[in-house]
Amino acid sequence: MHEYTSTARVWGLSCPGFPEEVSRARHWTRDILRGSPLAEDAELIVSELSANAILHTASGREYGSFHLAVAVSAQVVAVSVTDDGGTATAPKVEHQDQDAEHGRGLGMVSTIAHRVVVHDSDQGHTVTAELYADARLGGHPC
């Protein structure tokens, strides 16, 4: 295979905005990544991003939903959660005091992931966290 190409497999899941769907998203991610050394980190990230979508956006309102994508290649596992929007601002990474009860989730995700990207659109927000098979590729903030 050419060094600039890779084959990625992508899975998608749409969930109603109920709290119990966070567990479903986490288990679904675990099943996809079974055997991968990145599975536990990806599962934790999916859990946090899904919960944030339900708690902080229109995804948690009546008829709300959130959408999950998992992309896997030999080099990267990328998990994305798209919410239904409904907030004036896009999610942002804030490193809170570890005793804080709220506001630590995306900071934790950015600590675990090698790269976090937030996309804002009229339809909602998508947070993508990338985990690299070789940490040297991403310059992990260790």
Side-chain angles (χ1 to χ4, degrees), residues 1-96 98 100-142:
M1 181 181 306
H2 191 273
E3 68 180 288
Y4 295 110
T5 61
S6 66
T7 302
R9 295 189 65 184
V10 180
W11 291 262
L13 177 69
S14 293
C15 298
F18 304 127
E20 58 270 20
E21 292 297 310
V22 173
S23 176
R24 178 175 166 225
R26 189 175 54 247
H27 292 292
W28 180 79
T29 302
R30 181 186 318 141
D31 288 345
I32 289 170
L33 297 174
R34 189 174 312 273
S36 168
L38 302 174
E40 285 185 26
D41 286 345
E43 186 180 344
L44 181 60
I45 290 168
V46 163
S47 183
E48 187 59 43
L49 295 180
S50 299
N52 283 352
I54 292 169
L55 290 171
H56 302 295
T57 74
S59 293
R61 296 182 191 150
E62 188 174 9
Y63 305 111
S65 62
F66 64 95
H67 312 281
L68 174 62
V70 176
V72 180
S73 73
Q75 298 84 16
V76 180
V77 169
V79 294
S80 298
V81 174
T82 302
D83 63 43
D84 284 345
T87 59
T89 60
K92 61 181 179 266
V93 176
E94 294 179 354
H95 294 282
Q96 299 285 342
Q98 80 183 75
E101 291 186 29
H102 300 288
R104 298 182 325 183
L106 205 49
M108 179 184 67
V109 168
S110 71
T111 298
I112 296 168
H114 295 100
R115 181 171 179 238
V116 177
V117 178
V118 178
H119 293 281
D120 190 21
S121 74
D122 293 337
Q123 291 77 37
H125 314 99
T126 299
V127 180
T128 301
E130 297 175 354
L131 298 164
Y132 301 123
D134 181 349
R136 294 173 298 174
L137 296 175
H140 195 281
C142 293

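FYI, the numbering just counts along the sequence from 1.
Between the side chain of Ser59 and the backbone N or O of Ser65 there is at least one donor-acceptor pair closer than 3.5 Å. With Asp83 contributing its side chain and Gly124 its backbone, the two residues share no donor-acceptor pair below 3.5 Å. Within the 3.5 Å criterion, the main-chain N or O of Ala25 finds a donor-acceptor partner in the side chain of Thr29.
The distance from atom CG of Asn52 to atom NE2 of His125, rounded to the nearest 0.5 Å, is 12.0 Å. One distance of note links CD of Glu21 with CG of Leu13; it measures 8.0 Å at 0.5 Å rounding. If you take CH2 on Trp28 and CD on Glu43, they are separated by 12.5 Å, rounding to the nearest 0.5 Å. Atom OG1 of Thr82 sits about 10.0 Å away from atom CD of Gln123, to the nearest 0.5 Å. To the nearest 0.5 Å, atom CD of residue Glu20 and atom CD1 of residue Ile54 are 8.0 Å apart.
In this structure, the side chains of Leu68 and Trp11 stay at 4.5 Å or more apart for every pair of heavy atoms. Two residues are said to be in side-chain contact when any heavy atoms from C-beta on lie closer than 4.5 Å; His67 and Asp84 meet this criterion.
Closest heavy-atom contact between Phe66 and Gly17: CD2-CA, 4.5 Å. Nearest heavy atoms, Val10 versus Ala71: CG2-CB, 3.9 Å. The two residues Leu33 and Ala42 come nearest to each other via the heavy atoms CD1-CB, 3.4 Å. A pairwise comparison of heavy atoms in Ala58 and Gly86 identifies CB-CA, 4.2 Å as the closest pair.
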side-chain contact (heavy atoms from CB on, under 4.5 Å) between Ile45 and Leu131, intermediate numbers included: CA-CA 10 Å; Ile45 290 168; Leu131 298 164; 4.1 Å; yes
side-chain contact (heavy atoms from CB on, under 4.5 Å) between Tyr132 and Glu130, intermediate numbers included: CA-CA 6 Å; Tyr132 301 123; Glu130 297 175 354; 2.6 Å; yes
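In summary, of the residues considered (Val109, Val116, Val22, Thr128), a side chain to side chain contact (heavy atoms under 4.5 Å, CB included) with Leu49 occurs for Val109 alone.
A donor and an acceptor atom, one from each side chain of His27 and Arg24, are nowhere located under 3.5 Å apart.
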